[in-house]
Protein chains: 2
Amino acid sequence: MTLIPHRTVASQLAVQLRGELAKGTWHGWLPSERVLSRTLQASRNTVRAALGQLKADGLIEPVRGLGNRVIGATHSTPAHDQAKTVGVLIPEPIGRLRPLIALWIDELKDLLVEEGYRLRIHEGRHYYQTNPARALERLIGQHPHSAWVLTLSSEAMQQWFVRRGAPCLVAGSTYPEVTLPHYDLDYRAICRHGAGVLLRLGHRRLALLNRESRRAGDVDSERGFLEGVHRSTHSDATADIAYHRDDVESVARALRPLLDRKNPPTALVVSNSYAYLSTASLLAQRGLRVPQDISLISRDDDPFLGSLVPAPTRYRVDPHTFAKKMLSLLLQVLKRTPALRSPALLLPKFTAGGSTCAPARGEG
Amino acid sequence: MTLIPHRTVASQLAVQLRGELAKGTWHGWLPSERVLSRTLQASRNTVRAALGQLKADGLIEPVRGLGNRVIGATHSTPAHDQAKTVGVLIPEPIGRLRPLIALWIDELKDLLVEEGYRLRIHEGRHYYQTNPARALERLIGQHPHSAWVLTLSSEAMQQWFVRRGAPCLVAGSTYPEVTLPHYDLDYRAICRHGAGVLLRLGHRRLALLNRESRRAGDVDSERGFLEGVHRSTHSDATADIAYHRDDVESVARALRPLLDRKNPPTALVVSNSYAYLSTASLLAQRGLRVPQDISLISRDDDPFLGSLVPAPTRYRVDPHTFAKKMLSLLLQVLKRTPALRSPALLLPKFTAGGSTCAPARGEG
DNA sequence: GCCGCTGGTTCAACAATAGGGCCAGCACTC
DNA sequence: GAGTGCTGGCCCTATTGTTGAACCAGCGGC
């Protein structure tokens, strides 16, 4: 079973118009949009959406007051028979990424196949270094994909793609002043909410175990967490932040000074579910019990968290909905639909687990 | 210029479905509306609208509780230009499978695309029930794939495929007297080796926390584990076996009687890395420390195990090599190469971690 | 200046679709 | 016989695509 590719009327019209252009139906100028709207029996808005795609392909050039000029068929539309591929940048082998990320990338791959595109995964730490220009320049020179998807992207990467003007979609948050289309979880809201949950339970010494990488989502997490604590009605509440690098050792290093204090925090919010695993097992090694001695919230979700005891209080995401949204945005990038405004962020569903409870008496 | 006739998605789907019916794609019953909705990537409402048109044409007849029956058209000319697709059977949504399994399936999918085949994933508990004949018959009637890949397959499934003679490859071990091509890890050798490692460390009361499902690989695990203990030079060594169902509660139920004994085991081998997570956190809840109080070995590997402290002693597999081997076997099945004898099993690499040590004095 | 045409932009109203939930009927397991 | 999990049938709401209209700025001819 093969899927029908272009479902919207606008896309169907674009296909049809492309065909007419190729046949040489019109010389010099296209019929006016109002005329096309009548003959094609579609509203002018819809016709304009179709014409927008042709314009993006360089087939026509609209001139205000005159009409849509047919661009010389000198080049046989190389943009059209270009290999329809999309590149995805990831920092690590897909097997080392969090399963949830692998899941939505996988699903996006399937969805793109149905649209006639192929997804190629490019993995490499060097794209994520402080000055990735060389590596990226070489990459997109070697792999002429129709568009790029950036996961876990750094600020330098995002800025490079803006400067370079290569069609791209950020899977994650963008940095201030970076105007790329993007889609992400609302980490700010998540961490603000998490702080509120812990405060309501009676905790007053909170800490966020955040990632050191300073990615946009992590910065947002930090902001949200601090907002949640400081804008609360509990002026005696304190918020600490410690940083890890996703590996066991760095989590241990981040955790140690917090726990060695005279008054250690009674509740932690942990970024990255791998780090949650490390945290939970490190606490167990120190003889601390979750949640009696310390409450835990996982900012991120992953299937394996469901096998832990107690079940982590966390924010659950459906990789399917994420992939669908990424697809629709990606198609906008690919078809260069003009009105590409990044949509609202995804707010995952809070799931109370057994890893949180009120602090021990005298501790709050 | 000709107008495009069917603009709504529902009409397009109706046209497409009519074509499939005429081709004789389906025998007896259409795929369920929910499945069609997924494969056609349209909402069930839209699919139902399309099916309504077919029903009005008398092509299908919906039966509540059963499905949409194909009327007449006893097309005995199926699969003329059969789509080159391969079906994979999995018991649960791919997101709930172990990440390592998802990884090799994903990689196999990519490899098959290069060979011109498409991989379709069919998920459902009912294919794994005690008598799956009905569900399987219906499945392969609805989805005429060129070959099938069985993961986590039960004995009844394997026997059904043998009887039915459908081209198929078992990703896993086969049961005795089932002569299907297959490829798997050598669980018997793994568990025999694991028992030997623990015995050499000085443990004498060992236990295997095995899966209840009695899948071929689990049966092999049990045999290998018992061999490892009983054929050792330590005649005082004991081997217990407890069963879990992959979920937290059943792991807890399996663990409790073992640990409540007067002389609980000092070392465990755990099947399924999710169960390893559950075990580790349940032990922590009881105040038992790994490895000082009890040693753990994970029979299975998965990326998230690397985030645990202490690092689990385990047997590591590379999903890439597994996928490559699966591809070559699958191509033999697809091309019906006569000499198809299943190759040697894959023996993963033993990796000593921090979760095993010699038993406490007086315990061994 | 006027007019009538062109594309560019915005808007509210509407229809199609997506994505749920809930129900009754059927087959299988326990 | 109770329980589970599938099926189609039906309902609801949110989102999205589409419509049809308005108004603007630019161009050419009168």
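Letters go in sequence order (proteins before strands), and every chain restarts at 1.
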Examine [N]: is either OP1 or OP2 under 4.0 Å from a nitrogen or oxygen in the side chain of [X]? Give yes or no.
X	N	result
A/Arg44	D/dA21	no
B/Thr46	C/dA18	yes
B/His126	D/dC6	yes
A/Ser32	C/dT6	yes
A/Arg48	C/dG7	no
A/Lys325	D/dT16	yes
B/Ser43	C/dT17	no
B/Asn68	D/dT7	no
B/Thr130	C/dT29	yes

- Please evaluate the base of D/dC11 for a donor-acceptor partner in the side chain of B/Asn45 within a cut-off of under 3.5 Å? yes

- Looking for any heavy atom pair under 4.0 Å, which part of the strands does B/Ala42 touch: base, sugar-phosphate only, or nothing? sugar-phosphate

- Query: NA contact type, B/Ala135, heavy-atom cut-off 4.0 Å: base, sugar-phosphate, or nothing?
  - Reply: nothing

Starting the side chain at C-beta, find the nucleotide from [options] nearest to [X].
X	options	value
B/Thr8	C/dT17, D/dT18, C/dG8	C/dT17
B/Asn131	C/dG20, C/dT29, D/dG9	C/dT29
A/Glu33	C/dG7, D/dG8, D/dG20	C/dG7
B/Arg64	C/dG25, C/dC11, D/dG26	C/dG25
B/Leu66	D/dT18, C/dT10, C/dC26	C/dC26

- For the residue pair A/Asp184 and A/Ser173, confirm or rule out a side-chain donor-acceptor distance under 3.5 Å. yes

- If you measure from the Lys or Arg side-chain nitrogens to the Asp or Glu carboxylate oxygens, is any gap between B/Lys55 and B/Glu61 under 4.0 Å? no

- Query: In terms of ring plane angle, is the pair B/His143 and B/His145 parallel, tilted or perpendicular, where the classes change at 30° and 60°?
  - Reply: parallel

- Counting heavy atoms not belonging to B/Arg96, are there more than 12 under 6.0 Å from its CZ? no

- Message: Cation-pi check for A/Tyr187 against A/Arg299: NZ or CZ below 6.0 Å from the six-membered ring centre and within 45 degrees of the axis, yes or no?
- Response: yes

